[in-house]
Amino acid sequence: MSERQAKKIRKENPVSENTKRKKTKSEILTNSIIAVLVIAFIGLGSWAVYSKFDTNKDAVQNETVTDTGADAGAEEQAQATTVAQAAEEAGMSTEDYLAEYGLDSADDITGDTEMSVAVEYMTFANYAKLSGTDTATLRESAGLDDSISDDTPMSEVFAAMQSQSDAQSEETEAGQTEAEDDTAQTEGE
């Protein structure tokens, strides 16, 4: 067959194997339903993961004094802006509240003083009482040694906790550096 004859046959018979066929309505509908289901599953999965992440993020942001062994009562009082507000929440007068937690002897503490400042003037025993726990439990949960007595001011306790935390961080960093040096040394051999 010559080229001319093949060309003539192609013109007469335009349908060939390379021609796309049109999709039927049922095929289009099926493909659309599948696409909607895939999008729905992706959306549902994203929502579930984001919801779980958002819940964990809120839990981390809401961590407060409870990590050091304090109960919810101390947490609520620590969130109070002033001593007067904390006394009101405790159902006490400001003077009774100051006397209850050993703050009446401090001249700098008044009803307008912020609780974060007032706590630093408390003794360890009074802070434990404010937290609703005993000193032994608070000492253990905060990881403090016996050098912290019941009469130690909280400002010193906070400083001791900070220095202890710094020391632990340095030990961790030193251990990591030592492990990295050991690894580099073994790799070099």
Side-chain angles (χ1 to χ4, degrees), residues 43-182:
L44 182 63
S46 299
W47 173 77
V49 169
Y50 177 76
S51 176
K52 193 175 277 188
F53 171 75
D54 196 34
T55 302
N56 289 343
K57 185 176 75 173
D58 290 343
V60 168
Q61 288 176 347
N62 289 335
E63 275 185 7
T64 55
V65 198
T66 55
D67 286 344
T68 60
D71 71 349
E75 180 180 331
E76 291 171 6
Q77 291 182 0
Q79 290 176 353
T81 309
T82 64
V83 172
Q85 288 173 338
E88 185 178 322
E89 287 177 12
M92 306 169 91
S93 70
T94 303
E95 292 78 23
D96 290 342
Y97 189 84
L98 291 171
E100 177 76 19
Y101 296 110
L103 298 170
D104 54 347
S105 60
D107 295 332
D108 297 340
I109 305 296
T110 65
D112 295 330
T113 305
E114 290 185 16
M115 276 303 293
S116 58
V117 174
V119 165
E120 296 206 10
Y121 283 88
M122 288 182 187
T123 62
F124 186 67
N126 284 330
Y127 183 76
K129 186 184 344 175
L130 175 70
S131 300
T133 186
D134 62 306
T135 56
T137 305
L138 186 58
R139 187 176 287 116
E140 182 181 326
S141 65
L144 299 170
D145 55 17
D146 292 333
S147 66
I148 303 294
S149 70
D150 290 356
D151 295 331
T152 305
M154 282 307 293
S155 58
E156 291 178 21
V157 173
F158 291 141
M161 289 171 65
Q162 182 62 42
S163 65
Q164 184 178 9
S165 174
D166 292 344
Q168 287 175 348
S169 296
E170 289 174 9
E171 287 176 13
T172 303
E173 289 174 10
Q176 288 174 347
T177 304
E178 188 176 302
E180 289 170 0
D181 290 345
D182 290 345

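All values derive from a computational prediction rather than experimental measurement.
Using a 4.5 Å heavy-atom threshold, the side chains of Val83 and Leu98 count as touching. Between Phe158 and Met154 there is a side-chain heavy-atom pair separated by less than 4.5 Å. The side-chain heavy atoms of Thr94 and Tyr97, taken from C-beta on, include no pair separated by under 4.5 Å.
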- prompt: Please walk me through it: do Asp150 and Lys129 pass salt bridge (charged side-chain N to carboxylate O under 4.0 Å, His left out)?
  reply: CA-CA 11 Å; Asp150 290 356; Lys129 186 184 344 175; over 6 Å; no
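Rounding to the nearest 0.5 Å gives a distance of 5.0 Å between CG of Leu130 and OH of Tyr101. One finds the CG atom of Asp96 at 10.0 Å from the CG atom of Asp104 (value rounded to the nearest 0.5 Å). Atom-to-atom distance recorded for Ile109:CD1 and Glu114:CD is 10.5 Å, nearest 0.5 angstrom.
Around the CD atom of Glu100, the shell of radius 6.0 Å holds more than 12 heavy atoms that belong to other residues, nucleotides or ligands.
With sequence neighbours excluded, the residues that form a side chain to side chain donor-acceptor pair (under 3.5 Å) with Thr123 are Asn126. With sequence neighbours excluded, the residues forming a side-chain contact (heavy atoms from CB on, under 4.5 Å) with Glu156 are Thr152, Pro153, listed by chain and number.
Heavy atoms only, all atoms of each residue included: Met115 and Thr82 are closest at CG-O, 3.8 Å. Considering every non-hydrogen atom in both Ala160 and Ile148, the closest pair reads CB-CD1, 4.2 Å. Contact between Ser93 and Ala87 at its shortest, heavy atoms only, is O-CB, 3.8 Å.
Not a single donor-acceptor pair under 3.5 Å links the side chain of Ser131 to the backbone N or O of Thr133.
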